[in-house]
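Take a look at the structure below.
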Amino acid sequence: MSDVAARISISNIAWPKDADEEALTLISALGFTGIELAPGKVFSSPAALEEARRYRRHAADHGLEVVAFQALLFGNLDVALFGSAEQRSALAAHLSAIARLAAAAGAHACVFGAPKVRARNGLDEEEAFVQALDFFDRLAADYEAEGVALAIEANAAHYGCDFLTHTRDALALVKAVGRPGIRLQLDTGTLLLNDEAAEEIAKAVPWAAHFHASEPDLLPLASPRHGAFAAALRQAAYSGWRSIEMRASETWQQTIAEAHGLMMQAYS
């Protein structure tokens with residue numbers, strides 16, 4: 001197995017919550033070696049460090065490494081990047097707790113998408129950028145202390161996002177922060193929605209902590225452009241995990257098997 005093929009993972013949003021054991025057995029048998037977690041599906045709270053350590057051991061028993069977290073803002077949280085001081089403080093505290101939880105689980109990256117949480121709320125883009133730069137610069141130390149990166153993801157306007165909607169926008173923020181605790185998340189669903197060139201991937205790889213192979217609206221993998229995206233990763237010598245991100249379908253077992261086949265064909 002090539003090094004690339006050995007670093008193919010999948011998010012647990014691809015199967016129902018009550019099917020975790022069946023899913024772990026399936027993805028291990030297919031040849032996945034990593035799993036990405038939406039922590040709200042498996043842990044009782046961001047403070048559940050022992051639960052995270054147990055899950056890490058259980059995944060390892062299936063030959064799987066917990067490689068990343070996504071969907072970080074589970075629960076009924078009153079948080080906002082550009083809201084009140086209290087909302088920003090609550091967001092920072094929650095994301096700091098997520099860093100500790102991720103480290104306990106063994107994850108190396110935490111994907112920050114959350115398009116509604118980062119709504120600009122009337123701020124112009126320049127002021128929003130300045131405020132975000134300050135917020136993430138302050139947060140970086142918490143992630144660095146845990147050996148984890150918060151991976152900033154561009155979200156297309158299709159999702160109701162109005163801040164960091166393109167890969168180049170998220171990359172500009174990551175470069176401006178300039179700290180290892182704040183890195184970039186690459187996402188092909190965003191690239192497809194924005195009709196961004198595959199070359200955007202190659203430009204961004206040096207600042208990327210993680211990569212999602214996904215489709216708009218998290219539908220099953222199907223785009224013929226995945227071959228070009230994979231070629232851009234190879235061109236830029238990306239050595240990280242390539243993770244499938246798609247929502248569960250009624251035939252989730254078959255959908256996962258087909259997605260794995262596409263990943264092996266295109267990305268390895």
Nearest 0.5 Å please: distance from the [atom1] atom of [X] over to the [atom2] atom of [Y].
X    : Y    : atom1 : atom2 : answer
L193 : T165 : CG    : OG1   : 11.0 Å
F43  : E50  : CZ    : CD    : 11.0 Å
F163 : C161 : CZ    : SG    : 8.5 Å
L218 : I244 : CG    : CD1   : 12.5 Å
I256 : L30  : CD1   : CG    : 8.0 Å
W15  : E22  : CH2   : CD    : 11.0 Å

Quiz item: Between E200 and R168, is there a salt bridge with N-O shorter than 4.0 Å?
Solution: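 No salt bridge links R168 with E200.
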
Exercise. Answer yes or no: is there an ion pair linking R57 with D61, defined by an N-O contact shorter than 4.0 Å?
Key: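 Result for this pair is no, no salt bridge flagged.
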
Side chains of [X] and [Y]: is there a donor and an acceptor less than 3.5 Å apart?
X    : Y    : answer
S223 : E215 : no
D217 : H158 : yes
E196 : H166 : no

Side chains of [X] and [Y], heavy atoms from C-beta outward: is any pair under 4.5 Å?
X    : Y    : value
T167 : D187 : no
L123 : F129 : no
H226 : F229 : yes
N155 : L164 : no

Self-check item: Closest contact, heavy atoms only, Y159 versus K116
Solution: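 Residues Y159 and K116, closest heavy atoms: O-CE, 3.6 Å.
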
Practice problem: Can you see which heavy atom on P46 is nearest to which on I98, and at what distance? | Solution: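 So the minimum-distance heavy-atom pair works out to CB-CD1, 4.4 Å.
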
Quiz prompt | Given S9, S243, S11, the one that forms side-chain hydrogen bond (donor to acceptor under 3.5 Å, both in side chains) with E36 | solution =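 Of all the options given, the one that passes is S243.
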
Quiz item: Just one of R183, R179, R138 clears the salt bridge (Lys or Arg N to Asp or Glu O under 4.0 Å) bar with E144, so which one?
Solution: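 Only one of R183, R179, R138 forms a salt bridge (Lys or Arg N to Asp or Glu O under 4.0 Å) with E144, namely R179.
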
Quiz prompt | Aromatic ring pairing F211/Y238, orientation class (parallel under 30°, perpendicular over 60°, tilted between) | solution =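 F211 vs Y238 ring planes: tilted.
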
Quiz item: Short question: side chain of R120, backbone of D162 - any donor-acceptor pair under 3.5 Å?
Solution: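 Here the side-chain-to-backbone pair exists.
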
Quiz prompt | Heavy-atom neighbours of E250 CD exceed 12 at 6.0 Å | solution =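 Atom CD in E250 is not packed in, count stays at 12 or less.
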
Quiz prompt | CA sep, side-chain torsions, deciding dist, call: E21, H62, side-chain hydrogen bond (donor to acceptor under 3.5 Å, both in side chains) | solution = CA-CA 10 Å; E21 190 60 31; H62 287 272; 2.9 Å; yes

